[in-house]
Amino acid sequence: MIDLREINKRQFVMAKRFWAVSSIMKLLVFAVGAWATFAVHSSIYAPQVMLLLAIASEGLHVVSDTKKSAAETLLRSLDICRSFGRDISEADKRDLLADLPRELRKRFAMQPRADVYFSSEMSPGPHAAIQNLLESAWYTRRQASAMVTLNLAVIALLLSLSIFALILAVRGTSSLPIQEQVIKHVTAWLMLLVSLGLIRNAWSYFRLFLRSQRTESACRHLVGGDVSEADALRQWYEYQVARAGAPMLPAWLWKLMRTGLDESWQHAKGGSA
């Protein structure tokens with residue numbers, strides 16, 4: 001017996017690690033470029049180093065996206081099966097196990113145990129599916145909101161530093177060389193917004209926040225009445241499509257927020273938190 005939940009968690013961990021390394025590579029490209037711009041005697045190999053780092057960063061990002069796609073696919077199956085009391089098909093299991101290294105299969109081989117991914121204790125069915133979706137969307141909305149705030153804060157900081165530096169350069173000195181140096185620094189800071197994709201990420205996380213918010217509203221409307229399987233599946237599908245197309249939520253954010261979110265959810269038990 002293979003613990004598919006643990007395998008799925010590992011898939012997301014690996015995808016996030018590749019994503020983190022890719023982001024670090026992008027920072028290194030920025031750092032090398034800034035050094036080459038401001039150094040008096042920069043290396044003639046700086047452009048080649050930047051090119052190699054950029055290629056490596058894009059390659060790692062592709063690997064991360066591939067692993068994220070596989071993780072999201074398995075997560076969708078697990079969530080739906082858990083909600084409706086079904087099991088993953090044998091064909092899907094075979095495909096999954098075929099792609100796993102033997103060491104990993106041995107590591108996650110264990111006796112069958114209950115899936116406690118969701119806190120709901122309702123019997124499987126449409127109502128349980130809506131309750132589980134409400135829980136998933138609530139957690140996602142809170143984390144997406146935090147990432148929007150973080151990205152906007154970094155953008156605001158860089159823009160504020162740029163404006164402040166330009167004002168000081170204009171008012172503080174009439175020396176053209178100094179003003180040119182300040183302009184170079186400001187340009188480098190603003191390039192960081194582009195190289196890290198902060199503006200794009202902020203917008204993508206905001207869209208995920210809105211989708212999660214709409215999903216919560218729909219689930220709260222449905223959970224009090226009769227829920228058909230088609231309604232539950234449609235809500236799951238729309239939410240999962242939005243989540244699959246959004247950037248990943250960092251592992252460090254989950255570690256930071258997990259305790260508070262778990263306590264809030266348990267106290268509210270799917271209420272209006």
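Numbers for residues simply follow the sequence, beginning at 1. Computation of the quantities below employed the complete heavy-atom set of this structure, encompassing side-chain atoms and omitting hydrogens, waters and symmetry-equivalent molecules.
- Listed by chain and number, the residues in a side chain to side chain contact (heavy atoms under 4.5 Å, CB included) with A129 are S83, F84, A232, W236 (sequence neighbours excluded).
- Sorted by first and then second residue, the side chain to side chain donor-acceptor pair (under 3.5 Å) pairs involving residues 17-31 (not counting sequence neighbours) are S22-S57.
- Using a 4.5 Å heavy-atom cutoff, the side chains of K16 and K67 are not in contact.
- In this structure, CD in Q240 is found 7.0 Å from CG in L75, a value given to the nearest 0.5 Å.
- Listed by chain and residue number, R86 satisfy the salt bridge (charged side-chain N to carboxylate O under 4.0 Å, His left out) test with E229 (two or more places apart in sequence, or in another chain).
- Considering only residues two or more places apart in sequence or on other chains, N201 meets the side chain to side chain donor-acceptor pair (under 3.5 Å) condition with none of them.
- Between S64 and M248 there is a side-chain heavy-atom pair separated by less than 4.5 Å.
- Put simply, W203 and L152 are part of the same group of oily side chains (I, L, V, M, F, W, Y) that touch within less than 4.5 Å, one to the next.
- Criterion: ILVMFWY side-chain heavy atoms under 4.5 Å apart, direct or through other members. Under it, L159 and L198 are part of a common hydrophobic cluster.
- Cluster membership check: W252 shares its hydrophobic cluster with L249, using side-chain heavy-atom separations under 4.5 Å among Ile, Leu, Val, Met, Phe, Trp and Tyr.
- A donor and an acceptor atom, one from each side chain of N132 and E135, are nowhere located under 3.5 Å apart.
- Here salt bridge (charged side-chain N to carboxylate O under 4.0 Å, His left out) pairs that include residues 243-254, with residues two or more places apart or in two chains, are E72-R243, D79-R243.
- For the atom pair D65 CG and L60 CG, the distance stands at 11.0 Å (nearest 0.5 Å).
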- Message: As a quick check of understanding, evaluate side chain to side chain contact (heavy atoms under 4.5 Å, CB included) for T215 and S212, giving each step before the final call.
- Response: CA-CA 5 Å; T215 298; S212 300; 5.5 Å; no

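- To the nearest 0.5 Å, atoms CZ (R5) and CG (L78) are separated by 4.5 Å.
- With values rounded to the nearest 0.5 angstrom, H61 atom NE2 is found 13.0 Å from F18 atom CZ.
- Residue S123 comes nearest to A128 through the heavy atom pair O-CB, 3.2 Å, listed as atom of the first residue, atom of the second, then distance.
- For the residue pair Y239 / S136, a side-chain donor-acceptor distance below 3.5 Å is found, with atom types taken as modelled.
- With rounding to the nearest 0.5 angstrom, the OG1 atom of T149 is 10.5 Å from the CZ atom of F206.
- Put simply, the side chain of R141 does not reach to within 4.5 Å of the side chain of L208, judged on heavy atoms.
- Residues forming a side chain to side chain donor-acceptor pair (under 3.5 Å) with R214 (at least two apart in sequence, or on another chain): none.
- Listed by chain and number, the residues in a side chain to side chain contact (heavy atoms under 4.5 Å, CB included) with S160 amount to none (sequence neighbours excluded).
- Taking each heavy atom of P126 and V227 in turn, the nearest pair found is CB-O, 3.3 Å.
- The closest donor-acceptor contact from the side chain of Y205 to the backbone of A146 lies at 3.5 Å or more, if one exists at all.
- In this view, R211 and E238 satisfy the salt bridge (charged side-chain N to carboxylate O under 4.0 Å, His left out) rule, not counting sequence neighbours.
- Every residue meeting the side chain to side chain donor-acceptor pair (under 3.5 Å) condition with T73, not counting sequence neighbours, appears here in chain and number order: R76.
- Listed by chain and residue number, nothing satisfies the side chain to side chain donor-acceptor pair (under 3.5 Å) test with Q235 (two or more places apart in sequence, or in another chain).
- Qualifying side chain to side chain contact (heavy atoms under 4.5 Å, CB included) partners for R200, counting only residues two or more places apart in sequence or in other chains: S204.
- With hydrogens and angles disregarded, a donor-acceptor distance shorter than 3.5 Å links the side chain of N151 to the backbone of M147.
- Taking all atoms of both residues into account, the shortest heavy-atom contact from L74 to Q11 is CD2-OE1, 3.4 Å.
- With values rounded to the nearest 0.5 angstrom, I130 atom CD1 is found 12.5 Å from R220 atom CZ.
- Follow the hydrophobic side-chain contacts under 4.5 Å out from I199 and you reach V154 in the same cluster.
- Residues passing the side chain to side chain contact (heavy atoms under 4.5 Å, CB included) test with W254 are Y139, Q143, R258, L261, D262, sequence neighbours excluded.
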- Query: V223 and L134: side chain to side chain contact (heavy atoms under 4.5 Å, CB included), yes or no, with the steps?
  - Reply: CA-CA 9 Å; V223 76; L134 175 62; 5.6 Å; no

